[in-house]
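Report on one structure; see the data block that follows.
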Number of protein chains: 2
Amino acid sequence: MNDSSGRWQRRSYHHGNLKEVLLEAARKLIEEHGAFGFSLAEAARLAGVSPAAPYRHFRDRDALLAEVARTGFERFAARLDVAWNNGIPTPLSAFEALGRAYLAFAREEPASYAVMFESGAAAEHGGEAVHAAASSPAAEKAFNVLQRAAAALCRQLPENERPPLKLVAMHIWTMSHGIASLFIQEGSAARKIPLSPEEVLESGMLIYLKGLGVLPEGDGQESSKETP
Amino acid sequence: MNDSSGRWQRRSYHHGNLKEVLLEAARKLIEEHGAFGFSLAEAARLAGVSPAAPYRHFRDRDALLAEVARTGFERFAARLDVAWNNGIPTPLSAFEALGRAYLAFAREEPASYAVMFESGAAAEHGGEAVHAAASSPAAEKAFNVLQRAAAALCRQLPENERPPLKLVAMHIWTMSHGIASLFIQEGSAARKIPLSPEEVLESGMLIYLKGLGVLPEGDGQESSKETP
DNA sequence: GCTTTTATGTAATAGCCGTTTACATGAACG
DNA sequence: CGTTCATGTAAACGGCTATTACATAAAAGC
């Protein structure tokens, strides 16, 4: 229930949905004011509660950010999984869908993506690291989708030519993440270049897959003189 | 001139070197307390001056971070340039040195790297974006080194098979940055994987270059059945 | 139904930070 | 020597995080 200015209207002393609304507010504020113009107090204002209220749902500011990261990873993993669709109809087409889904998530939830990966965000706090972000089970689920995709692609190679799976998965991940990180962010470089992230990722992956020996024919790129 | 605890000792009312010392302090604090545990006041304490002193050298906190980014980009560009060394002795060996220099910088100056690229840091402030980071002349100089390397590599291809230079440069950049971003950061994923960033980058680049058709022989990877 | 317990909100407060303003110091320059 | 300008300090304001004591209402037990 939002009023005209986007603040959550509540009818009783208790809010009823504060935790969710705070997470939404956090994502919105992070998008607007950069990764760390975000303030717990402003999120509380957006939700229409006192500055102390959030502490009933999150131990501290970092805990809220960690939760943004965690829930972000869950949506991320689910989305990648749907896009990959077990490699159907073909590993290659599914792989392309996977790449697009990766970039789509980063574009549609830049705040989540930033908190998930640019862990200056949920980085270490007092003593030990927090980074619920990148080492959480949800994060692993996301990486596992990439790894399954890598496995399906490598399965097309003769056994003695297969590089380590984890390595291939990392290559895929690092390129996807590199593009997301460089392109998606507001002022972050690469914006003058007249190429969409999707173009860069797809062309890069085609070249990479060609190098792996996975592409069936002269697919996408111009030269077609291998597998003679 | 540092005292036992690392604080800058000054002998006169005037500091004499405050700007530089503040930048050093900022990098140190960003490394320690995560990308944004950094506080201007603490940097001032480290430098042994009052909290207001930094404002004689930087308009505000963001300006200091922007300067960390700018000077970071300058060292970064210089280092990449030295490593590339005009493609000498061979484009391939120089390219490998370039990749190692990229990762070495990110490892040795994680604070600079974070501020330079994870622009939640020097991101937008009030109205328009600040991000002196990624679109500064120094940043372009760095990217130009990558682009020259891409050009040298592509020059080994027949003209009609050369992909757009900017595209290849972007592929190189995104993979390097992706690895730096995922590996270097404290808690940021990818740490359980028993691979060094250098291994991931080099193997990934070998596959990519093979896909480009740039590798002279069965170089590095196992299969060697192209250019028949 | 009534009371007790528990969950979830507020108010008030302390301490830190960023930033500004008025003032102090001393180096550079005549 | 005296003026000027660069560079420091002190004091203050408002905003933020976080804690504590208290308020309110929903849920649970009887």
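What you see below is based on every heavy atom in this structure, not just the backbone, and it leaves out hydrogens, waters and symmetry mates.
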If the cut-off is 4.0 Å, is [X] near the phosphate of [N], judged by side-chain N/O to OP1 or OP2?
X: H57(B); N: dA6(D); value: no
X: R56(B); N: dG8(D); value: no
X: S39(A); N: dC16(D); value: yes
X: R45(A); N: dC16(D); value: yes

Which nucleotide wins on minimum distance to the side chain of [X], given the candidates [options]?
X: A52(B); options: dC17(C), dC16(D), dT21(C); value: dT21(C)
X: R61(B); options: dT19(C), dC16(D), dT20(C); value: dT19(C)
X: S50(B); options: dT9(D), dT10(C), dA18(D); value: dT9(D)

Atom pair distance, as rounded to whole Å: [atom1] in [X] and [atom2] in [N]:
X: L64(A); N: dA18(D); atom1: CG; atom2: P; answer: 11 Å
X: E42(B); N: dC16(D); atom1: CD; atom2: P; answer: 21 Å
X: L65(B); N: dG18(C); atom1: CG; atom2: C1'; answer: 13 Å
X: Y55(B); N: dA10(D); atom1: OH; atom2: P; answer: 16 Å
X: F38(A); N: dT17(D); atom1: CZ; atom2: C1'; answer: 11 Å
X: F58(A); N: dT8(C); atom1: CZ; atom2: C1'; answer: 13 Å
X: L40(A); N: dT10(C); atom1: CG; atom2: P; answer: 13 Å
X: H33(A); N: dG15(D); atom1: NE2; atom2: C1'; answer: 14 Å

Check: L201(B) and T174(A) side chains under 4.5 Å, non-hydrogen atoms: no
Sub-4.5 Å side-chain heavy-atom contact between E24(A) and R27(A):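 Heavy-atom side-chain distance check passes, below 4.5 Å.
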Residue closer to the 5' end of DNA chain D, A53(B) versus A41(A) (nearest nucleotide): A53(B)
Pair listing, side chain to side chain donor-acceptor pair (under 3.5 Å) test, anchored in residues 141-151 of chain B, at least two apart: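 Every side chain to side chain donor-acceptor pair (under 3.5 Å) pair that includes a residue of residues 141-151 of chain B, provided the two are not neighbours, is D81(B)-R148(B).
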Sugar-phosphate, base or nothing in reach of P51(A), heavy atoms under 4.0 Å: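 If one applies the 4.0 Å heavy-atom cut-off, P51(A) turns out to touch nothing in the nucleic acid.
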All side chain to side chain donor-acceptor pair (under 3.5 Å) counterparts of E20(A), not counting sequence neighbours: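 If we apply the side chain to side chain donor-acceptor pair (under 3.5 Å) test to E20(A), skipping adjacent residues, there are no hits.
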Identified ring pair (Phe, Tyr, Trp, His ring centres under 6.0 Å) partner of H177(A) from the options F76(A), Y113(A), F183(A):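 When F76(A), Y113(A), F183(A) are each tested with H177(A), the ring pair (Phe, Tyr, Trp, His ring centres under 6.0 Å) holds only for Y113(A).
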